[in-house]
Amino acid sequence: MSENDKRPRNSEVTKAAILDAARTAFAENSYDVVGLREIARVAEVNVSLVIRYFGSKERLFSVCLEEAAFD
């Protein structure tokens, strides 16, 4: 992604992209195999934003599970 192609800053859109990437990663692989860098790469964000919004891989996984329980 070039500088001109970057997504505009929008925390809700960024958070949603991270969650979408995490849901896909956790659905395709086990928790132990999935890495935050992989999720960040797919979401097209810096890994520090994943930590900023979710705190840890464990918390991100928990949020994915919570959302799946209500779908």
Side-chain angles (χ1 to χ4, degrees):
M1 177 184 289
S2 72
E3 288 293 318
N4 294 333
D5 294 336
K6 285 190 176 179
R7 177 182 13 222
R9 288 185 179 188
N10 180 320
S11 62
E12 292 303 313
V13 171
T14 300
K15 191 173 181 179
I18 293 168
L19 276 172
D20 187 49
R23 279 189 220 103
T24 301
F26 290 128
E28 294 175 354
N29 297 293
S30 71
Y31 176 86
D32 291 331
V33 172
V34 174
L36 291 182
R37 291 185 194 286
E38 171 192 355
I39 292 169
R41 182 184 51 75
V42 172
E44 298 180 339
V45 300
N46 188 293
V47 71
S48 64
L49 283 176
V50 179
I51 298 299
R52 178 180 210 177
Y53 288 119
F54 297 98
S56 66
K57 181 170 101 171
E58 181 179 1
R59 179 66 185 128
L60 177 56
F61 184 68
S62 293
V63 171
C64 289
L65 289 178
E66 289 168 9
E67 289 190 353
F70 293 106
D71 283 344

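The analysis underlying the following values was restricted to heavy atoms, covering all of them including side chains, and did not include hydrogens, waters or symmetry mates. Computed from a predicted model, the values in this text were never measured in an experiment.
Between the Lys15 side chain and the Asn10 main chain, no donor and acceptor come within less than 3.5 Å of each other.
Annotation for Asn29 and Glu38: closest pair ND2-OE2, 4.4 Å, computed over non-hydrogen atoms. Across Ala17 and Ala43, no two heavy atoms sit closer than the pair O-CB, 3.6 Å. A pairwise comparison of heavy atoms in Lys57 and Val34 identifies NZ-O, 2.8 Å as the closest pair.
Here the CD1 atom belonging to Ile39 is positioned 9.5 Å from the OG1 atom belonging to Thr24, to the nearest 0.5 angstrom. Within the model, atoms CD1 of Ile18 and CD of Glu44 stand 12.0 Å from one another, a figure rounded to the nearest 0.5 Å. Of the inter-residue distances, the one linking Ser62 atom OG with Glu67 atom CD reads 11.5 Å to the nearest 0.5 angstrom.
Cluster annotation: Tyr53 is connected to Val45 through the hydrophobic network of ILVMFWY side chains, with a link wherever side-chain heavy atoms come within less than 4.5 Å. Hydrophobic cluster membership is shared by Val47 and Leu19, with clusters built from Ile, Leu, Val, Met, Phe, Trp and Tyr side chains linked at under 4.5 angstrom.
Not counting sequence neighbours, the partners of Asn46 by the side chain to side chain contact (heavy atoms under 4.5 Å, CB included) test are Ser48. For Phe61, the ring pair (Phe, Tyr, Trp, His ring centres under 6.0 Å) partners two or more places apart in sequence, or in a different chain, are Phe26, Tyr31.
Taking 4.5 Å as the limit, some side-chain heavy atom of Leu36 sits within range of a side-chain heavy atom of Leu60.
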